[in-house]
Amino acid sequence: MLDAAPIRNDWTRAEAEEIYNKPFMDLLFEAQSVHRQHYDPNQVQKSKLLSIKTGGCAEDCAYCSQSARNGAKLSASKLIEVERVLAEARKAKAGGATRYCMGAAWRSPKDRDMAALEAMIEGVKDLGMETCMTLGMLDDSQVFRLRDAGLDYYNHNIDTSERYYSEIITTRTFADRIDTLNRVREAGMKVCAGGIVGMGEQQMDRIDMILALATLEEHPDSVPVNMLIPMPDTPLADVAKLDPIEFVRTIALARILMPKSHVRLSAGRSDMSDELQAMCFFAGANSIFVGDTLLTADNPEEDKDQMLFDRLGITVMGVGCDGSHSENQSKTCAVSAAENGEVVSA
Ligand code: SAM
Ligand code: DTB
Ligand code: SF4
């Protein structure tokens, strides 16, 4: 295997643009080569999402079914009970998920909710799963409480480029997002940060979004790349569909600029062919959300994903594989996958 290229945080816009616009075959080859320097290319990590508080959100994110300002018909629910979360997490573990992500439709959590959130984290960790939460903006005391409860990852997306951001959200700024990400990182938790493509942005916005993540002081450990799911009644319900090749280019750019991060082929898989998903894995995506629902939107059924994994010879990545590709880690990851009861294809 070739020596891995050094991890860089000083990528320039010109470099990112050049990579993104390479002839497609050259781009895919480079992305796959970088991918192999850090990860087993035949392993994909499975995360499961649960909406722990749905709808009625005060923010105005133009893509979101849960914003009270969007006129979407979704009714607001309360924070769900800890026991319900743990029952769902047990099911997710039995289905092979190694990371459990809990999402709330909040601008930021209220202090009165913190004790329940801590209990959810502790309970899911006791099941042996990695924990992730996405709750909106956090202040310092909330970051410390979540960390001390054992939260592994915090998801907070920059969503798009700084330039396009105000077309999509006006109730909080790009800088607010970066502040929360810095707080999470400084407190020692792992950062999950990505965005959405297909929101009517220009190509340069897709490039700048990935560049913004790749030039953070430390790369996010996890980079979800969502294809917009156009939700009824939202301002983006009728936005023009993005060329899927542009989506694959965005994944490849993320993989090349952030070689050790998990790049997640996130929302939008229900509308993707098996072949498009396979191309995304080839471009360096190595994580997915499993289960038939994301937060409010559809996702492929688990047996459909398993059929795809079997056809592609993909096995499930275990807990703790972080891109430090070595023979030992590769073995650990494979053993964990087998422990998950997954079918290992020949
Ligand atoms: N309320 C919290 C927040 O916004 O920070 C957490 C939940 S929020 C739903 C998490 C992320 O899901 C968003 O930042 C966005 O990137 C993604 N998302 C939401 N709706 C989406 C859609 N319709 N299509 C694709 N991605 C979406
Ligand atoms: C992320 O980047 N994508 C997930 C997760 N982080 C929280 C959410 C996708 C939501 C898709 C729309 C929905 O289910 O409402
Ligand atoms: Fe609220 Fe998050 Fe949806 Fe924005 S993305 S409206 S903050 S739930």
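Numbering of ligands and ligand atoms starts at 1, following listing order. On a predicted model such as this, the values are computed, not experimentally measured, just so you know.
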Name each N or O atom in ligand 1 that is under 3.5 Å from a protein N or O, and give the partner atom and the distance.
from: ligand 1; atom 1: 1 (N); to: A104; atom 2: O; distance (Å): 3.1
from: ligand 1; atom 1: 1 (N); to: W106; atom 2: O; distance (Å): 3.3
from: ligand 1; atom 1: 4 (O); to: R172; atom 2: NH2; distance (Å): 3.0
from: ligand 1; atom 1: 14 (O); to: D159; atom 2: OD1; distance (Å): 3.1
from: ligand 1; atom 1: 16 (O); to: N157; atom 2: ND2; distance (Å): 2.9
from: ligand 1; atom 1: 16 (O); to: D159; atom 2: OD1; distance (Å): 2.7
from: ligand 1; atom 1: 23 (N); to: Y63; atom 2: O; distance (Å): 3.2
from: ligand 1; atom 1: 23 (N); to: I229; atom 2: O; distance (Å): 2.9
from: ligand 1; atom 1: 24 (N); to: I229; atom 2: N; distance (Å): 3.0

Numbered atoms of ligand 2 (with element) below 4.0 Å of [X], judged on heavy atoms:
{"X": "L49", "answer": "4 (C), 7 (C), 8 (C)"}
{"X": "P224", "answer": "2 (O)"}
{"X": "N157", "answer": "1 (C), 2 (O)"}
{"X": "S266", "answer": "1 (C), 2 (O), 3 (N)"}
{"X": "A297", "answer": "12 (C), 13 (C), 14 (O), 15 (O)"}

Heavy-atom contact check, 4.0 Å cutoff: does Y63 meet ligand 2?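 Not so, Y63 does not reach ligand 2.
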
I'd like to know if the side chain of [X] reaches the main chain of [Y], judged simply by a donor and an acceptor atom lying under 3.5 Å from each other, with no hydrogens or angles considered.
{"X": "D60", "Y": "T170", "value": "yes"}
{"X": "D126", "Y": "G123", "value": "no"}
{"X": "S47", "Y": "F289", "value": "no"}
{"X": "R206", "Y": "E246", "value": "no"}
{"X": "R255", "Y": "P259", "value": "yes"}

Scan N42, V263, L312, I251 and name whichever one has a side-chain contact (heavy atoms from CB on, under 4.5 Å) with F281.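 Of all the options given, the one that passes is L312.
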
Take atom CZ of F29 as the centre, draw a 6.0 Å sphere, and report whether it contains more than 12 heavy atoms from other residues, nucleotides or ligands.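 Not buried by this count: 12 neighbours or fewer within 6.0 Å.
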
Answer yes or no: are there more than 12 heavy-atom neighbours, outside R84 itself, under 6.0 Å from its atom CZ?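 Atom CZ in R84 is not crowded, with 12 or fewer foreign heavy atoms closer than 6.0 Å.
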
Nearest protein heavy-atom contact for [atom]: which residue, which atom, what distance?
{"atom": "atom 2 (Fe) of ligand 3", "answer": "R172 NH2, 4.2 Å"}
{"atom": "atom 5 (C) of ligand 2", "answer": "F289 CZ, 3.8 Å"}
{"atom": "atom 6 (N) of ligand 2", "answer": "N155 OD1, 3.2 Å"}
{"atom": "atom 3 (N) of ligand 2", "answer": "N226 OD1, 3.0 Å"}
{"atom": "atom 10 (C) of ligand 2", "answer": "L295 CD1, 4.1 Å"}

Nearest-0.5 Å distance, OG of residue S77 to CD1 of residue I52: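 The OG atom of S77 sits 10.0 Å away from the CD1 atom of I52.
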
Compare L294, I196, V223 and give the one whose heavy atom is closest to atom 11 (C) of ligand 2.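 Shortest heavy-atom distance from atom 11 (C) of ligand 2: L294.
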
Which residue from T134, T296, V225 reaches closest to atom 13 (C) of ligand 2 through any of its heavy atoms?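 The option holding the nearest heavy atom is T296.
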
Taking all non-hydrogen atoms of both residues into account, name the closest pair between N286 and H262 and its distance.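 Closest approach of N286 to H262, heavy atoms only: OD1-CA, 3.4 Å.
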
Where is the tightest heavy-atom contact between C192 and R264, given as atom of each residue plus distance?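 That closest heavy-atom pairing would be SG-NH1, 3.9 Å.
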
Looking at T234, N70, T296, which hits side-chain hydrogen bond (donor to acceptor under 3.5 Å, both in side chains) with S65?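 When T234, N70, T296 are each tested with S65, the side-chain hydrogen bond (donor to acceptor under 3.5 Å, both in side chains) holds only for T296.
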
With 2.8 Å as the limit, jot down which protein N, O or S atoms are around atom 3 (Fe) of ligand 3.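 Near atom 3 (Fe) of ligand 3, the protein supplies C64 SG.
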
With the threshold set at 4.0 Å, does a side-chain nitrogen-carboxylate oxygen contact exist between R269 and D305?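 So R269 pairs with D305 through a salt bridge.
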
Option passing salt bridge (charged side-chain N to carboxylate O under 4.0 Å, His left out) with E130 (candidates K48, R99, K93):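 One option only clears the test, and that one is R99.
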
Taking the inter-plane angle between the rings of Y165 and F174 on a 0 to 90° scale, is it parallel (under 30°), tilted (30 to 60°) or perpendicular (over 60°)?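 Judged by the thresholds at 30° and 60°, the geometry between Y165 and F174 is perpendicular.
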
I would like to know whether R8 and E15 meet salt bridge (charged side-chain N to carboxylate O under 4.0 Å, His left out); could you show each step before the answer? CA-CA 12 Å; R8 288 180 49 194; E15 286 174 312; 2.8 Å; yes

